[in-house]
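Before any comments, here is the structure.
All values below come from the heavy atoms of this structure, side chains included, with hydrogens, waters and symmetry mates left out.
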Amino acid sequence: NVTLTGLTIQNGEAGVGGGILNEGNLVLNGCTIKSNRAVTGGGGIHTSGTLTVNDSVVAGNRASSAGYGEANLAESAGGGVFLSGGTLTLNRSTVADNYAEYYGGGLWSEHGTVALSQSSILHNAASDGGGVSSVNCTFGVTNSTIVGNAASFVGFGSFVPSGGGLRIESGTFTLVNSTVAYNSAG
């Protein structure tokens, strides 16, 4: 178990988890995760464990294989946060201005559980799911805002952009007292 408080993590670069790679139990309190880059997933944070983010900012991160040559092109996802099979809880936090070549500019989740409470997903971009892209998750959003995100053709491939704010492929999704507005796709 690790708790980080009042820390800024920036300018990191890795294959996955440009700022943080979490496979255990991590709590972030009042942290800023910014300007990091991952080739395939989790420009800011890649987690397959339990991650709780309180009063924090994940901003300006990238999941992009650009610059690594065609042999290394991967479907980059989760510009801000990439969740694979774990649990993510965001409380009073902001995920903003992140970018992914393919899925989930702000947040990509697969086979896990996500809970957003009093949080904002703002101005993120990806080819699919500009704000959030989720596959086979239990996903709950309460008293939160998903605004100004964009899904547009920014990666490589031939699919049509979808889900400016949200792209929920399967699983369970709940939205309570929240705003999803001014997102775009196409």
Side-chain angles (χ1 to χ4, degrees), residues 1-65 74-122 124 126 128-129 131-142 144 146 166-173:
N1 295 337
V2 174
T3 300
L4 302 175
T5 302
L7 188 66
T8 296
I9 297 176
Q10 66 184 20
N11 300 324
E13 188 167 323
V16 296
I20 295 174
L21 173 60
N22 174 51
E23 296 175 332
N25 187 0
L26 177 62
V27 178
L28 302 177
N29 294 316
C31 291
T32 300
I33 312 302
K34 68 177 185 176
S35 303
N36 299 287
R37 178 178 180 216
V39 177
T40 58
I45 303 168
H46 185 288
T47 182
S48 58
T50 300
L51 175 62
T52 304
V53 180
N54 301 311
D55 307 301
S56 296
V57 175
V58 178
N61 301 287
R62 298 174 58 85
S64 171
S65 61
E75 291 189 358
S76 302
V81 180
F82 185 113
L83 170 73
S84 180
T87 300
L88 170 65
T89 304
L90 281 157
N91 297 309
R92 300 169 310 280
S93 294
T94 300
V95 177
D97 301 309
N98 299 287
Y99 163 85
E101 259 177 342
Y102 287 93
Y103 308 105
L107 169 64
W108 162 262
S109 60
E110 61 183 5
H111 311 291
T113 301
V114 178
L116 275 62
S117 178
Q118 298 176 348
S119 294
S120 298
I121 308 292
L122 306 171
N124 300 284
D128 255 9
V132 173
S133 188
S134 180
V135 176
N136 198 26
C137 286
T138 300
F139 204 113
V141 179
T142 305
S144 295
I146 300 171
L166 295 163
R167 179 183 178 266
I168 309 299
E169 190 170 312
S170 58
T172 304
F173 181 77

### Task
Using the side-chain contact (heavy atoms from CB on, under 4.5 Å) rule, take T94 and L122 through it: C-alpha gap first, then chi angles, then the decisive distance, then the call.
CA-CA 7 Å; T94 300; L122 306 171; 4.3 Å; yes
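- Atom CG of residue L107 and atom OG of residue S133 lie 8.5 Å apart, to the nearest 0.5 angstrom.
- The aromatic rings of Y103 and W108 sit tilted, their planes meeting at an angle between 30° and 60°.
- Distance check: E23 CD to S48 OG gives 4.5 Å after rounding to the nearest 0.5 Å.
- Looking at every heavy atom in both residues, G106 comes nearest to V95 through O-CG1, 3.4 Å.
- A side-chain donor-acceptor contact under 3.5 Å links N36 to the backbone of I9.
- Considering CG of L51 and CG of L83, their distance stands at 8.5 Å, rounded to 0.5 Å.
- In this structure, the side chains of T113 and F139 stay at 4.5 Å or more apart for every pair of heavy atoms.
- Side chain of N22 to main chain of T50: a donor-acceptor pair is present (N/O by atom type, distance under 3.5 Å, no hydrogens or angles).
- Of the candidates V57, I20, T5, I20 is the only one forming a side chain to side chain contact (heavy atoms under 4.5 Å, CB included) with L28.
- With rounding to the nearest 0.5 Å, the separation of CG in N29 from CG in D55 is 7.0 Å.
- Between A126 and G104 the shortest heavy-atom distance is CB-N, 3.9 Å.
- A donor-acceptor pair is defined here as one N or O able to donate and one able to accept, closer than 3.5 Å; no such pair exists between the side chain of N61 and the backbone of Y99.
- Of the possible polar contacts, none joining the S64 side chain to the R62 backbone as a donor-acceptor pair under 3.5 Å is found.
- C31 and S56 make their closest contact through N-OG, 2.9 Å (heavy atoms, listed as atom of the first residue, atom of the second, distance).
- The two residues G41 and H46 have their closest heavy-atom pair at O-CD2, 3.7 Å.
- Shown are N98, I33, V58; of these, the side chain to side chain contact (heavy atoms under 4.5 Å, CB included) with V81 is made only by V58.
- For the pair S144 (side chain) and Q118 (backbone), a donor-acceptor distance under 3.5 Å is present.
- Screening I121, V141, V114, N124 against V132 for a side chain to side chain contact (heavy atoms under 4.5 Å, CB included) leaves a single residue, I121.
- Proximity of a side-chain donor or acceptor of T40 to a complementary backbone N or O of G15 within less than 3.5 Å is detected.
- Distance alone, capped at 3.5 Å, is enough to place a donor-acceptor pair between the T47 side chain and the G49 backbone.
- The CG atom of L88 sits 7.0 Å away from the CG atom of L116 when rounded to the nearest 0.5 Å.
- Once rounded to the nearest 0.5 Å, the distance linking CG of D97 with NZ of K34 reads 12.0 Å.
- Using modelled atom types, one finds a donor on one side chain and an acceptor on the other under 3.5 Å when comparing S134 with S109.
- Across G17 and A38, no two heavy atoms sit closer than the pair N-CB, 3.8 Å.
- Counting only distance, with no hydrogens or angles, the side chain of T3 and the backbone of V27 share no donor-acceptor pair below 3.5 Å.
- Side-chain atoms of S84 and E110 include a donor-acceptor pair closer than 3.5 Å.
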